[in-house]
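Numbers restart at 1 for each chain; the letters A, B, ... are given by sequence-line order, proteins then strands. Note that the structure is a prediction, hence the values are computed from the model and not measured.
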Amino acid sequence: MRRLMIKPLVVLMMTTSLAWASEAALENIQVETSVAAVERGADNLMNDCHSCHSLKYIKYRDLVTFGIDKKKIEAWRGDQALDAPLASLMTDDAAMQSFGKVPPDLSLMTRAREGGASYVYAYLLGYYNTPDGVTSNHLFPETKMPDVLGISGTTEPAQRAELQGKAHDIVSFLAWAADPHEEERYRLGYYVIGYLLILTSLLYFVKNQIWSRLK
Amino acid sequence: MINKIIKGPNRIIKWIDDRFPLTSFVKHELTGYPTPRNLSYWWNFGFLAGFVLVLQVVTGIFLAMHYKADVAQSFDSIQHIMRDVNYGWLLRYMHSTGASAFFLVIYIHMARTLYYGSYRAPRELMWWTGQGLLLLLMATAFMGYLLPWGQMSFWGATVITNLFRATPFIGEQVVVWLRGDYTVGDATLTRFFALHFLFPFLIIGAVVVHLVALHTVKSSNPSGIDLAAKDNIPFHPYFTIKDFFGLGVFLLVFSVFVFFIPNSLIEPANNIPANPMVTPNHIVPEWYFLPFYAILRSVPNMVGGVVAMGLSVMMFAFMPFLDRSRIPGGAHFRPIFRVQFYLFLLDMLVLGYIGYIPPTSQSILIGQIATLCYFGSFFVIPFISIAEERWLHKRGLPPEVEALIASEAHELSKFPHRRRKGDIE
């Protein structure tokens, strides 16, 4: 339990100790859970990320079940089976040649980093150009991933805002992919807690009733 | 002999009673089991620990039906449970949250024992079987943590099994023997799975011993003395209902974690599959091991660190010898011991925090001071408890304590076998 309180503190300490004191700590973002936002995110991800990254724990059928537009899914999966996972389009060998490492699977990405979705969001938008003209990332300077969204070359505020929206949608999709049962979990949780509240208050009254027999 | 004609269910009970002591067992252990009526809610936690044990066994068995103990499949099989198995996410989150709940409940149970001096005669064996249970629980939790085969699973198991290198003469061999290989690998995973399945049943056995001892010496109570018969009430229905109400409150807190923040208890690095080639920046154990981990890291020498860590867990067992005070009522009527109790809890929190953060020269120093305080607080108990008792007598005991001592002396005169060496005649 204690870790709950410690965690944000540690994240803060870790992030501030990185050599980008001018940037603020992770902006705490709230992912969207609506089908529309997740669908937009899936769209962006299939265009910008999927050529290199897999999502091996997500099948096309999961997207259908969630309610994403069937026509889009058909276009993405081509002649693959509905139960096929979202494998990346790049072979591991090709990835090793291009980047020197295999791009990580994204199924659990928002769960696998300290800071979660906020980290991935800040990472996607963390690219910038150094004075010597090299593109680097504030959050993860050693990254092998190129600036896919193109935030480093964008100075126009309106365009930057658009990219931020795009990144937000991608992160929303990834958050759904990391935990597709989250909505169901919350819904069940409210019922369980409601039931327990009633049950526990009844038990409390019964307890007082029984104990009142004692002199 | 006249056989009375008994009808209905009573006939079945009679049939069983002729062959098995069912009615007398229920009477002796439940409906007639004398329990001090003044037990506070701090006495609910033993029952809660029993409940969490059952919860872990039941969810664990269902998880084992879907889990695969194989380095190539473990991580995937957890995701299979989380995504494809009906309510698999619920089983898994209950089990992973249950591990934390188990330790929380056990630590509160232990803190209550320490505060009220429940480890004192005649309950030493309860305390020691409890100590054994704590060790079994720690071993079970540690082995279970390897099973998801994430980065923290792998590196945690690597670091901890590596500590057995400190064994004199045969350290290397012991490490290989434990792992079944030179590194943590498939052999380690399969044996940890087998043992993680076995140990809960050993725990159940030890719990039976713990309960048999309890029903021999009966529950301690906040007054710290054995109450007169009139102050005891039957366990059922009074404490069954009180335990069930406590269970309701526990389940409310538990459900908040299971349904709303289950991932707060899962290290993010454990959502990355184990990779022997990449060490995480910072290897941390689960929260319930942090204070002991901090003690391990506080000793610069590895063997010394392992000994200190082992000793830190075992120090509790010495409490019946260390605490010499006869003042009843636990820490309630012992001002110095009470301050010491709270300082000890504070020290545990400091150690836990130091165990969590990446070590810096400053945090290591704080950890070393906290470690000294940890062991120091045990070592000073014999002196403090005697001096405190003398001081309290000199100052004049509060009337309620005098009453308790008088009542205990009265009870002892009736039950000479309960008398301890040095008791006032």
Side-chain angles (χ1 to χ4, degrees), chain A residues 1-7 9-11 13-14 17 56-59 61-62 101 104-105 107-116 119 177-182 184-211 213-215, chain B residues 37 75-76 79-80 82-84 87-90 93 100-101 104 150-151 233 236-273 281-282 284 286-288 290 349 352-353 356-358:
Chain A
M1 326 278 122
R2 210 162 51 241
R3 228 170 56 189
L4 276 182
M5 291 172 280
I6 294 168
K7 238 180 206 168
L9 226 143
V10 172
V11 173
M13 284 182 343
M14 272 166 38
S17 66
K56 63 174 174 174
Y57 298 123
I58 295 291
K59 303 182 196 78
R61 191 184 293 284
D62 298 330
K101 71 175 283 191
D105 186 83
S107 314
L108 284 163
M109 193 45 79
T110 59
R111 285 254 182 273
R113 295 291 179 277
E114 200 81 49
Y119 174 93
D179 196 353
H181 292 290
E182 196 174 39
E184 184 192 0
R185 178 153 58 81
Y186 288 163
R187 213 171 336 111
L188 188 59
Y190 288 119
Y191 282 113
V192 169
I193 285 175
Y195 171 80
L196 282 173
L197 277 174
I198 297 168
L199 179 74
T200 308
S201 1
L202 285 177
L203 284 170
Y204 181 69
F205 289 122
V206 176
K207 188 233 149 204
N208 283 349
Q209 181 73 30
I210 290 177
W211 277 68
R213 290 181 210 161
L214 290 172
K215 279 175 278 166
Chain B
R37 65 186 290 172
F75 194 88
D76 290 346
Q79 286 308 313
H80 166 67
M82 294 297 287
R83 290 158 193 269
D84 304 331
Y87 291 100
W89 57 267
L90 182 58
Y93 278 150
S100 282
L104 181 72
Q151 271 291 66
I233 51 178
H236 181 78
Y238 297 105
F239 287 98
T240 33
I241 187 65
K242 195 172 175 180
D243 278 342
F244 276 123
F245 166 60
L247 178 63
V249 176
F250 165 81
L251 284 176
L252 274 168
V253 178
F254 184 69
S255 301
V256 169
F257 275 89
V258 167
F259 290 100
F260 296 98
I261 41 175
N263 287 295
S264 65
L265 299 167
I266 295 174
E267 201 52 50
N270 230 24
N271 285 316
I272 304 170
N281 292 338
H282 179 206
V284 275
E286 292 298 87
W287 68 267
Y288 37 81
L290 287 174
L349 292 181
Y353 178 70
Y356 185 73
I357 61 172

When only pairs under 4.5 Å are counted, which of [options] shares the most heavy-atom pairs with chain B?
options: V206(A), D62(A), I210(A); answer: I210(A)
options: E182(A), R213(A), R113(A); answer: R113(A)
options: G116(A), A178(A), P104(A), S201(A); answer: A178(A)
options: N208(A), L199(A), L188(A), D179(A); answer: L188(A)

Between [X] and chain B, with a heavy-atom cut-off of 4.5 Å, which part of the residue counts as in contact: side chain, backbone, both or neither?
X: S107(A); result: both
X: L197(A); result: both
X: V192(A); result: side chain
X: Y195(A); result: neither

Could you check if a side-chain atom of [X] sits within less than 4.5 angstrom of a side-chain atom of [Y], using non-hydrogen atoms only?
X: R185(A); Y: L90(B); value: no
X: D84(B); Y: K59(A); value: yes
X: R111(A); Y: I266(B); value: no
X: L203(A); Y: L247(B); value: no

Go through the atoms of [X] and report whether side chain, backbone, both or neither lie under 4.5 Å from a heavy atom of chain A.
X: D76(B); value: both
X: Y93(B); value: side chain
X: V256(B); value: both

Exercise. What class does the angle between the rings of F245(B) and Y204(A) fall in, given that below 30° is parallel, 30 to 60° is tilted and above 60° is perpendicular?
Worked result: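 Geometry flag for Y204(A) against F245(B): tilted rings.
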For this session: Quick one: sort the F75(B) and Y57(A) rings into parallel, tilted or perpendicular, breaks at 30° and 60°.
Result: tilted
Under 4.5 Å, counting heavy-atom pairs only, tell me which of [options] racks up the most with chain A.
options: I272(B), I233(B), L251(B), L252(B); value: L252(B)
options: N271(B), V249(B), T240(B); value: N271(B)
options: P237(B), A269(B), P273(B), G246(B); value: P237(B)

Exercise. Is the distance between the ring centroids of Y186(A) and F259(B) under 6.0 Å?
Worked result: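 No, the ring centres sit 6.0 Å or more apart.
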Exercise. Less than 4.0 Å between a side-chain N and a carboxylate O, is that true for D243(B) and K207(A)?
Worked result: no
Exercise. side-chain contact (heavy atoms from CB on, under 4.5 Å) between E267(B) and E114(A): does it pass, once the steps are laid out?
Worked result: CA-CA 8 Å; E267(B) 201 52 50; E114(A) 200 81 49; 3.8 Å; yes
Exercise. Any sub-3.5 Å donor-acceptor pair from H181(A)'s side-chain atoms to R83(B)'s backbone N or O?
Worked result: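 Yes; at least one donor-acceptor contact below 3.5 Å.
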